[in-house]
Amino acid sequence: DNGEMVEQLWAASENEIYGIGTKGLIVKYDGNTWQKINSGTMMDFWDIWGVVEEKTNRTIVYAVGLDQGEIVGIILEIRNGIATTLFDKDHLIYGSDNDHTWPTAVWAYRDSVFVALSGYDDTHVYRHPINNFTNHYDLIHIESQGALRSINGNSYHDIVGVGYRDVVWHYNGNTIKEYFSWPYLDS
């Protein structure tokens, strides 16, 4: 026992299930057995989501994790059982903004992956094309009430984000509607 523990699962099917957890743990179930996937990190993973590409029927999985002591995190993409780092302390694709370095949530839909990167004062939510993560992205929301802990949705025009300090919002593809606000934000 080295302290590894599965924390979350995402399934493409009953015969293809991925799990993430503590100490960089990533596992895959193939319908018969569980196998480890080398993550290349000891960071604790917080969230996982994937998508099955419609044209190729290939599964692409995203895992986000962070090292709270170092105030930096990691975003991995898993294809064909191989984890590739898309974001870490040495690969800050979002420019010189070294504040938003904690990936806390991920959600994928069809050809897009949405990631939340928290910082000291707010969380940025980005949308990336799945097959061009590092070169193209759109900032779709800045959340200043609390760090996002989960993103989920039904389509590009129906996405929900939730997080600390009672953060709950809905994105309709154009605008964000916030459902709760903390009293001290108004003072």
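Sequential numbering from 1 along the given sequence is applied to the chain's residues.
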Hey, quick one: are [X] and [Y] part of the same hydrophobic cluster, counting side-chain heavy atoms closer than 4.5 Å, chains of contacts allowed?
X	Y	result
Ile37	Tyr29	no
Ile17	Val6	yes
Val106	Leu139	yes
Ile176	Ile151	yes
Ile48	Leu25	no

Asn132 atom CG, over 12 foreign heavy atoms within 6.0 Å:
yes
Applying salt bridge (Lys or Arg N to Asp or Glu O under 4.0 Å), which residue pairs with at least one partner in residues 25-36 are found, sequence neighbours left out?
Glu4-Lys36
Tell me the side-chain hydrogen bond (donor to acceptor under 3.5 Å, both in side chains) pairs involving residues 6-15, sequence neighbours left out?
none
Pairs where residues 18-27 contributes a residue and the test side-chain hydrogen bond (donor to acceptor under 3.5 Å, both in side chains) is met, not counting sequence neighbours:
Glu16-Tyr18
Across all chains, not counting sequence neighbours, the salt bridge (Lys or Arg N to Asp or Glu O under 4.0 Å) partners of Glu77 are Arg79
Is Tyr164 close to Leu148 at the side-chain level, that is, under 4.5 Å between some pair of heavy atoms?
no
Who passes side chain to side chain donor-acceptor pair (under 3.5 Å) against Thr56, sequence neighbours left out?
Glu53, Arg58
According to side chain to side chain donor-acceptor pair (under 3.5 Å), who are the partners of Asp44, at least two apart in sequence or on a separate chain?
none
Counting the benzene-type ring for Trp, do Trp107 and Phe114 have ring centres under 6.0 Å apart?
yes
Whether Tyr137 and Tyr126 hold their rings parallel, tilted or perpendicular, with breakpoints at 30° and 60°
perpendicular
